[in-house]
Amino acid sequence: MDCLFCAIVKGDIPSTKVYEDEKILAFRDINPQAPTHVLVIPKTHIPSVDGINAENSAIVAHIFEAIPQIAKAEGLTEGYRVVSNCGDHACQSVKHLHFHVLGGKQLADSMA
Ligand code: 5GP
Ligand code: ZN
């Protein structure tokens, strides 16, 4: 399967990691849209939020347990935004589940 984020998990494509454990990886977005812009992904391939189900949702809980630690390590004391684009209407460009963690400035009030 030709998946950019699976290649990052394997180490075939370099990334700037900010958190890693046996199940998940967090790394800096190559085109940051805020002073902190981190992508948090499962190491296993799930195409999008639409692919979350009872069999694989534990990894999503694990990601959301890690996000506050990542935010703390990034110094996001004033808050942050967590976003996951799913499908064409949301402009999802990489078809491997990922959560954007954005912060480090006052973010836009509008989300769409
Ligand atoms: P999406 O548009 O699917 O919600 O988010 C994909 C994100 O992946 C984009 O913010 C984009 O900048 C980021 N991205 C694309 N290619 C690479 C890459 O090779 N390395 C890193 N670190 N981020 C990437
Ligand atoms: Zn993948």
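Note that ligands are numbered from 1 as they come in the structure, with each ligand's atoms numbered from 1 the same way. Please read these numbers as outputs of a predicted model, since none were measured by experiment. Numbers for residues simply follow the sequence, beginning at 1.
Atoms of ligand 1 lying under 4.0 Å from any heavy atom of Cys91, numbered from 1 in the order shown and given with element: 2 (O). Per-residue contacts place Phe5 under 4.0 angstrom from the following atoms of ligand 1 (heavy atoms of the residue considered): 8 (O). Set against the non-hydrogen atoms of Phe27, the atoms of ligand 1 under 4.0 Å away are 21 (C), 22 (N).
Among all protein heavy atoms, the one lying closest to atom 2 (O) of ligand 1 is Ser93 OG, 2.8 Å. Of the protein's non-hydrogen atoms, the one nearest atom 22 (N) of ligand 1 is Arg28 O, 2.9 Å. For atom 15 (C) of ligand 1, the nearest protein heavy atom (residue, atom name, distance) is Leu4 CD2, 4.0 Å. Atom 1 (P) of ligand 1 has His98 NE2, 3.2 Å as its closest protein atom, hydrogens excluded (heavy atom only).
On a distance-only criterion, Asn85 and ligand 1 share at least one N/O pair closer than 3.5 Å. Geometrically, ligand 1 and Gln92 share no nitrogen or oxygen pair separated by less than 3.5 Å. Considering backbone and side-chain N/O of His37, none are found under 3.5 Å from N/O of ligand 1.
Residues Ile24 and Tyr19 are in side-chain contact: their nearest non-hydrogen atoms beyond the backbone lie under 4.5 Å apart. Between Leu97 and Ser84, some side-chain heavy-atom pair lies under the 4.5 Å cut-off. Looking only at side-chain heavy atoms (C-beta outward), Leu102 and Thr36 stay at 4.5 Å or farther from each other.
Here Leu39 contributes atom CG and Asp29 contributes atom CG; the two are 4.5 Å apart, rounded to the nearest 0.5 Å.
One option in Ile8, Asp29, Leu97 has a heavy atom closer to atom 10 (O) of ligand 1 than any other, and that option is Asp29. With atom 21 (C) of ligand 1 as the reference point, the heavy atom nearest to it among Ile30, Ile41, Leu102 is part of Ile30.
For His100, the ring pair (Phe, Tyr, Trp, His ring centres under 6.0 Å) partners two or more places apart in sequence, or in a different chain, are His37, His98. Under the rule for a ring pair (Phe, Tyr, Trp, His ring centres under 6.0 Å), the partners of His45 that lie at least two apart in sequence or sit in another chain are His96. Partners of Phe64 by ring pair (Phe, Tyr, Trp, His ring centres under 6.0 Å), not counting sequence neighbours, listed by chain and number: Phe99.
With a cut-off of 2.8 Å, the protein N/O/S atoms near the Zn ion (ligand 2) add up to 4.
Under 4.0 Å from ligand 1, not a single heavy atom of Thr16 appears.
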